[in-house]
Every structure is written in C-alpha cells, then in structure tokens.
Undergrad: 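Structure in structure tokens, see below.
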Amino acid sequence: MIVYIKNLNNDRGITLLEALLSLFITLLILQALPYVLKTVWIYSQQSPQKDVEVYQLYHFIEQDLYTTRSISTISDGVRLYKQNGDQVDIEQYGNMIRRQVNQQGHQGLLHNVKSFEVRSSSKGFSILLQNEGGSIYQKLFNLYTE
C-alpha cells in the first residue's frame with residue numbers, strides 16, 4: 001500500500017492577497033506619517049516640560065503651606081514658620097530655587113531661574129519668577145490658618 005501525503009505548505013512565494021495587504025498597510029503608514037511628524041515638531045518647539053517644572057514648584061510650596069503658622073519675606077525669597085517649630089526658607093540661590101529647613105541642607109526645587117521675586121500680601125504672598133528662556137510665571141499663595 002502506497003500513501004501519498006499532500007504538502008500543505010506553500011513555499012513558492014508571496015500570494016496576491018499578501019501583497020495587497022502589505023501595500024495597504026504601507027499606504028496607511030505613509031498617509032499618517034506627516035501628521036505624526038507635525039505633532040512631534042510642534043511639541044518639541046513648545047517645550048511643555050518647563051511649565052510642568054514650575055507647577056511642581058507651586059505644588060511643593062502649597063504642601064508646605066498646609067502646616068505653616070506664619071510667613072515672612074526675606075531678601076531672596078520667603079520664610080515659612082511651621083507648626084512644629086521648623087523654619088523653611090524658599091529662596092533663589094544662583095540660578096535655582098532652593099528649599100532649606102532650619103537653614104540646613106539644600107533641596108533644589110527649580111533650575112534655570114533668571115529672577116525670583118516674593119511679594120507679601122494680607123493673606124499670604126505672591127511669587128513672580130522668570131526662567132532663563134524668558135517665560136514669566138506668577139502665582140498667589142494663601143496661608144491656611146484656622
């Protein structure tokens with residue numbers, strides 16, 4: 001008895017259906033490519049990362065204000081008097097904004113700062129800062145008192 005086994009593998013080449021599918025996928029990618037490149041170029045020109053860094057600085061200051069009993073302005077920044085007796089200074093140091101607790105240590109909060117100005121108000125203080133790129137940011141902080 002002789003048994004013939006049919007070879008189900010097609011090793012003779014690419015079929016027309018495979019070629020059309022490959023062509024269709026290639027055309028879709030080529031059609032979307034200009035939009036992707038334009039979006040990447042726009043975001044690289046705007047540099048939204050710098051805004052995020054400033055908003056993160058604001059967040060750190062607001063976190064400190066939750067446990068602050070009083071504030072005073074100092075020559076290059078603001079001094080927060082905490083409820084636990086600590087004294088926190090947020091000030092410009094060179095081209096960065098730093099945070100010091102009891103005038104010890106050194107925590108950098110924001111780099112590449114051109115100017116940093118703190119103005120006292122009746123319920124808190126405002127910060128006006130300019131980065132080395134020329135962008136200006138201003139924020140009013142209120143002291144949370146009971």
Side-chain angles (χ1 to χ4, degrees), residues 7-146:
N7 186 2
L8 297 177
N9 294 333
N10 184 0
D11 295 332
R12 286 181 269 170
I14 190 168
T15 64
L16 179 62
L17 183 60
E18 291 170 334
L20 289 175
L21 183 63
S22 298
L23 180 65
F24 179 72
I25 291 172
T26 304
L27 289 176
L28 280 178
I29 291 172
L30 288 176
Q31 186 178 9
L33 192 62
Y35 298 110
V36 171
L37 291 177
K38 182 179 179 183
T39 303
V40 168
W41 183 78
I42 287 171
Y43 280 111
S44 68
Q45 297 298 317
Q46 290 178 350
S47 183
Q49 183 66 28
K50 295 296 181 189
D51 292 338
V52 172
E53 293 170 353
V54 173
Y55 296 136
Q56 188 67 37
L57 168 71
Y58 293 161
H59 177 71
F60 286 143
I61 294 172
E62 286 173 346
Q63 290 296 96
D64 269 334
L65 286 175
Y66 288 132
T67 57
T68 298
R69 62 178 163 81
S70 65
I71 60 170
S72 67
T73 57
I74 55 178
S75 61
D76 292 333
V78 64
R79 180 166 289 157
L80 311 175
Y81 299 97
K82 308 291 274 183
Q83 293 172 353
N84 63 1
D86 287 342
Q87 181 177 303
V88 176
D89 295 338
I90 299 170
E91 60 189 352
Q92 184 172 3
Y93 180 74
N95 68 341
M96 67 182 280
I97 305 299
R98 73 173 178 182
R99 179 181 184 267
Q100 283 187 309
V101 178
N102 296 325
Q103 297 189 352
Q104 297 177 350
H106 181 85
Q107 180 183 11
L109 298 178
L110 182 65
H111 296 275
N112 301 323
V113 175
K114 185 175 181 180
S115 67
F116 180 73
E117 183 181 338
V118 177
R119 295 182 183 151
S120 184
S121 69
S122 61
K123 292 188 176 183
F125 61 95
S126 66
I127 289 180
L128 178 67
L129 69 89
Q130 181 178 9
N131 64 13
E132 290 178 348
S135 299
I136 298 174
Y137 303 91
Q138 184 172 6
K139 170 91 172 155
L140 175 65
F141 295 95
N142 292 319
L143 182 61
Y144 302 98
T145 57
E146 297 176 9

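Owing to the predicted nature of the structure, the values given are computational and were not obtained by experimental measurement. Numbers here are sequence positions counted from 1.
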Undergrad: Would you compute the distance between atom CG of L128 and atom CD of Q138 and round it to the nearest 0.5 angstrom?
TA: 5.0 Å
Undergrad: To the nearest 0.5 angstrom, please state how far the CD atom of Q87 sits from the CD atom of Q103.
TA: 5.5 Å
Undergrad: Can you name the nearest heavy-atom pair linking N142 to L65, along with the distance?
TA: O-CD1, 3.8 Å
Undergrad: Should I97 and F60 count as side-chain neighbours, where that means a heavy-atom distance under 4.5 Å?
TA: no
Undergrad: What residues, two or more places apart in sequence or in another chain, satisfy ring pair (Phe, Tyr, Trp, His ring centres under 6.0 Å) together with H106?
TA: Y93
Undergrad: Side chain of Q130, backbone of S115: donor and acceptor closer than 3.5 Å?
TA: no
Undergrad: Please indicate whether Q63 has more than 12 foreign heavy atoms, meaning atoms of other residues, nucleotides or ligands, lying under 6.0 Å from its CD.
TA: yes
Undergrad: Without swapping roles, check the side chain of E18 against the backbone of T15 for a donor-acceptor pair under 3.5 Å.
TA: yes
Undergrad: If you define the side chain from C-beta out and look only at heavy atoms, does anything of I29 sit under 4.5 Å from I25?
TA: yes
Undergrad: At their closest point, which heavy atom of V113 faces which heavy atom of Q92, and how far apart are they?
TA: O-NE2, 3.6 Å
Undergrad: With heavy-atom distances below 4.5 Å as the criterion, would you say the side chains of I136 and L129 are in contact?
TA: no
Undergrad: What is the minimum heavy-atom distance between R119 and E117, and which atoms define it?
TA: NE-OE2, 2.8 Å
Undergrad: Going by atom types alone, do N102 and D86 pair a side-chain donor with an acceptor below 3.5 Å?
TA: yes
Undergrad: Under a 4.5 Å cut-off applied to non-hydrogen side-chain atoms, are K82 and V88 in contact?
TA: yes
Undergrad: Starting at CD of E62, measure out to CZ of F141 and round the result to the nearest 0.5 Å.
TA: 5.5 Å
Undergrad: I'd like to know whether the aromatic ring centres of Y58 and Y137 sit less than 6.0 Å apart in this structure.
TA: no
Undergrad: Does a side-chain heavy-atom distance below 4.5 Å link T67 with N84?
TA: no
Undergrad: Rounded to the nearest 0.5 Å, what separation is found between the CD1 atom of I127 and the CG atom of L140?
TA: 10.0 Å
Undergrad: Provide the closest heavy-atom pair for F116 versus D76 in the form atom of the first, atom of the second, distance.
TA: CD2-O, 3.4 Å
Undergrad: Are R99 and D64 close enough for a salt bridge, meaning some N to O gap below 4.0 Å?
TA: yes
Undergrad: As an exercise, state the distance from CD of E53 to CG of L109, rounded to the nearest 0.5 Å.
TA: 11.5 Å
Undergrad: Side-chain contact test, heavy atoms from C-beta onward, threshold under 4.5 Å: evaluate it for Q107 versus Q100 and give yes or no.
TA: no
Undergrad: Any non-hydrogen side-chain atom of K114 less than 4.5 Å from a side-chain atom of N95?
TA: no
Undergrad: Look up atom CG in L21 and atom OG1 in T26, then write down how far apart they are to the nearest 0.5 Å.
TA: 9.0 Å
